[in-house]
Number of protein chains: 2
Amino acid sequence: MNRSASIKDVANHASVAVGTVSNVLNYPDRVSQRTKDRVLKAIDELGFVRNDAARQLRAGHSRTIGLIVLDVGNPFFTAVVRAAEDAAALHGSAVLLGDSGHDAAREANYIDLFQEQRVQGLLISPVGDVTERLDLLRERGVPTVLVDRLADEAKFSSVAVDDDAGGYLAARHLLDTGRRRLAFVGGPTSIRQVADRLQGARRAVKEEADATLEVLESEGQTVLAGRSVGNSLVERGREGLPDGIFCANDLLALGVMQSLTMTHTFRIPEDVALIGYDDIDFAVSAVVPLSSIRQPTEALGRTAIQLLAEEVGSRNPTHRSVVFTPELVVRQSTKAN
Amino acid sequence: MNRSASIKDVANHASVAVGTVSNVLNYPDRVSQRTKDRVLKAIDELGFVRNDAARQLRAGHSRTIGLIVLDVGNPFFTAVVRAAEDAAALHGSAVLLGDSGHDAAREANYIDLFQEQRVQGLLISPVGDVTERLDLLRERGVPTVLVDRLADEAKFSSVAVDDDAGGYLAARHLLDTGRRRLAFVGGPTSIRQVADRLQGARRAVKEEADATLEVLESEGQTVLAGRSVGNSLVERGREGLPDGIFCANDLLALGVMQSLTMTHTFRIPEDVALIGYDDIDFAVSAVVPLSSIRQPTEALGRTAIQLLAEEVGSRNPTHRSVVFTPELVVRQSTKAN
DNA sequence: TCGTAACAATGAAACGATTCAAAGATCCGC
DNA sequence: GCGGATCTTTGAATCGTTTCATTGTTACGA
């Protein structure tokens, strides 16, 4: 299990200089066909594989970019990961992935690790207060792009989705299909995303003089939390029921849907329209296919890499904040009466 | 924006030899307290960060292991990823993640990339026929552990879950709760996992003289495919209906559940019991909480890293295949009558 | 045949860490 | 004060690649 062949071994085997082998690999045009053939044959016979560590050492930086997400299990982030991987591949680099799991300590670990790896740049959806660490990185010339969080444009670029606009879209759609007694389900409102979506919904409701918006705070963002809110709605009976419900995410919406349909007292969308947020895979296959707000995750990931690429090249980088607008996906759960 | 400080800069700044700085970092005990303090101060002042490329070059190998999964979006794999990351962190190494997306070309790309990175070992859930590439790796002393696929033990270690046992468990549970006319929903049977689960179910059914098993092949493994199978069952009416249904995964089961409950003609579990496979997050929050078969993903990932760690050390590694037994999770959808 | 482009090939130096034999300090007992 | 043991520190050599100034080769028109 002797150590693997180096460029020197290849050079000896092909009776050329090491520089020539390097040229074959990096600048094939500079090498004559005959030598190229000999070298390639030698490479093949020895099973030579480039040692990336040595390349990096010489180059001063790696060909990887770091990506730190809050949770690989979250469909939003897996989509971003995939897009980032694809986009990076186009630039000829690879993605180092770290999952902070909402844990500031793990996040810090990954930042340090990636710094030792001399990543070309960093994509991060931050948990803790990492501005200090990121400032250090920036001073060293490692650009950072914040994902799903707006940033001080003097310092960082960022990509995010406009949750206020998403909330507006959802509520506006309910209003446009004739609903007037709206309810917002979500919580805790200390979560920025929740607060922004609610704010957007409020904005839409204000546009209609006769429309009202009731806020039903949920315990978390799960199906079960949604079901418990749904149950309390069912208890109100037909009188007190809103005619349009906007949930801060699809899981909540599915929970609410279960409560309302299970009892067979209310029909969706005839008695009450229901719209969620995120457009998860399950939305389309719910009992009543769920209308939702789709976030352009693919574009988000791609753009993040692109912003990073712009900064990696330049000496005096300018920063940009790109905000994406979410998209309304209409399905049966909000069909007009 | 000047290039970052090297160990030499630190040595100058602290007026010691480079070897001493290295010792401070790697063998603190060899260094006197006074020098240690001076060096650490210099490191701090210069903001020195180790260059991992140089370390690797010297060491001949990296401190990373490669992990190639079929799909980061799949909860099974995200669980494995998390477990692997945690386990690797304990060994002081990091995980390089690649998503092959069921694409043999991307898979091959990642293998090559990881080889250039000189990963210490490789965890892979293979798509294409990679035995050749993996053989090459093995000859170079890079051990590989196959995930979720059994391997020739002469060559590789592997970790997998016993799908036959899972199928048996599911069917046995239906039988134990008094059901006798069973149906298996899944397809295409060319997928190994589907075939194995069916085989296990058959084994269980054979144990009861008066039990029967009907196979309903589905078009894929989605909620919609399940719903279409469910609809055809509803059409049969109460007579032809099985009294216990085992679906090859939870998505199918949820689809079947939707069909059966939507029409309000059949009740779960009174008229028909339903059990799925994988125990996805949604199983517990289905309209009728779904019984399922849980795969020990966490143990799987942890063990995979451990097997790898065993081989990384040894000169003449022995291979092991670890097969995990899945676990029955009973919920309301299979409650006894 | 000569001069000169244009093209190919060479190999030493550099990247930044670790290693290790050797040199230098320090301490202790007598 | 001395010999010897122990503890610290030193710095050149090394890992495998890329770079680039230099040298060698070829081709072609005059």
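These values consider heavy atoms only, across backbone and side chains, with no hydrogens, waters or symmetry-generated copies. Lettering of chains follows the sequences in order, A, B, ..., and the numbering in each one begins at 1.
For the pair A/F48 CZ and D/dG16 C1', the computed distance is 8 Å after rounding to whole Å. Distance B/K8 NZ to D/dT10 C1': 14 Å, rounded to the nearest Å. Note: CD (B/Q33) to P (C/dA25) measures 21 Å, nearest angstrom. Between B/D52 atom CG and C/dC15 atom C1' there is a gap of 15 Å when expressed in whole angstrom units. Summarising the geometry, the separation between CG on B/L57 and C1' on D/dC15 is reported as 4 Å, rounded to the nearest angstrom. Between the CG atom of B/N26 and the P atom of C/dT19 there is a distance of 6 Å, rounded to whole Å. Taking atom CG of residue A/N51 and atom P of nucleotide D/dC15, one finds them 12 Å apart after rounding to whole Å. Rounded to whole Å, the distance from CZ on A/R55 to C1' on D/dT19 is 13 Å.
Contacts classified as side-chain hydrogen bond (donor to acceptor under 3.5 Å, both in side chains) and involving residues 90-99 of chain B (residues at least two apart or in different chains) are not found. Among pairs with a residue in residues 55-66 of chain A, those fulfilling side-chain hydrogen bond (donor to acceptor under 3.5 Å, both in side chains) read A/D52-A/R63, A/S62-A/T64, at least two apart in sequence or across chains.
Of the inter-residue distances, the one linking A/R302 atom CZ with A/L90 atom CG reads 10.0 Å to the nearest 0.5 angstrom. Distance check, rounded to the nearest 0.5 Å: CD1 of A/I68 to OH of A/Y110 gives 8.5 Å. Taking OG of A/S4 as the reference point, atom CZ of B/R118 lies at 4.0 Å (rounded to 0.5 Å).
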(request) Kindly indicate, with the supporting measurements, whether the criterion salt bridge (charged side-chain N to carboxylate O under 4.0 Å, His left out) is fulfilled by A/E311 and A/R138. (result) CA-CA 11 Å; A/E311 298 202 14; A/R138 204 164 44 86; over 6 Å; no
(request) Could you check B/D37 against B/T35 for side chain to side chain donor-acceptor pair (under 3.5 Å), going step by step and ending with a plain yes or no? (result) CA-CA 5 Å; B/D37 288 345; B/T35 5; over 6 Å; no
(message) For a side-chain contact (heavy atoms from CB on, under 4.5 Å) check, start with the C-alpha distance between A/L300 and A/Q295, then their side-chain angles and the critical distance, and finish with the verdict.
(response) CA-CA 9 Å; A/L300 193 85; A/Q295 313 204 58; over 6 Å; no
(request) Summarise how protein sits on nucleotides 7-13 of chain C as a single string, 5' to 3': B when a protein heavy atom is under 4.0 Å from the base, S for sugar-phosphate-only contact, - for no contact. (result) -SSBB--
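Dashed line: the shortest gap from a side-chain N or O of B/R118 to OP1 or OP2 of D/dC15 is not under 4.0 Å. A close approach under 4.0 Å does occur between a side-chain nitrogen or oxygen of A/Y27 and OP1 or OP2 of D/dT19.
Terminal axes of the helix from C/dT1-D/dA30 to C/dC30-D/dG1 (five pairs each, C1' rotation axis) are separated by 40°, to the nearest 10°.
Of the candidate nucleotides C/dT19, C/dG16, D/dT18, D/dT18 has the atom lying nearest to any side-chain atom of A/I7.
Between B/L307 and B/R320, some side-chain heavy-atom pair lies under the 4.5 Å cut-off.
Residues passing the side-chain contact (heavy atoms from CB on, under 4.5 Å) test with A/L134 are A/I111, A/L122, A/I124, A/V130, A/L137, A/T144, A/L146, A/F156, sequence neighbours excluded.
By the 6.0 Å contact criterion, CG on A/D103 is enclosed, its count of non-hydrogen atoms from other residues, nucleotides or ligands being greater than 12.
Near-neighbour residues of DNA chain D inside residues 38-47 of chain A, defined by a heavy atom below 4.0 Å, are absent.
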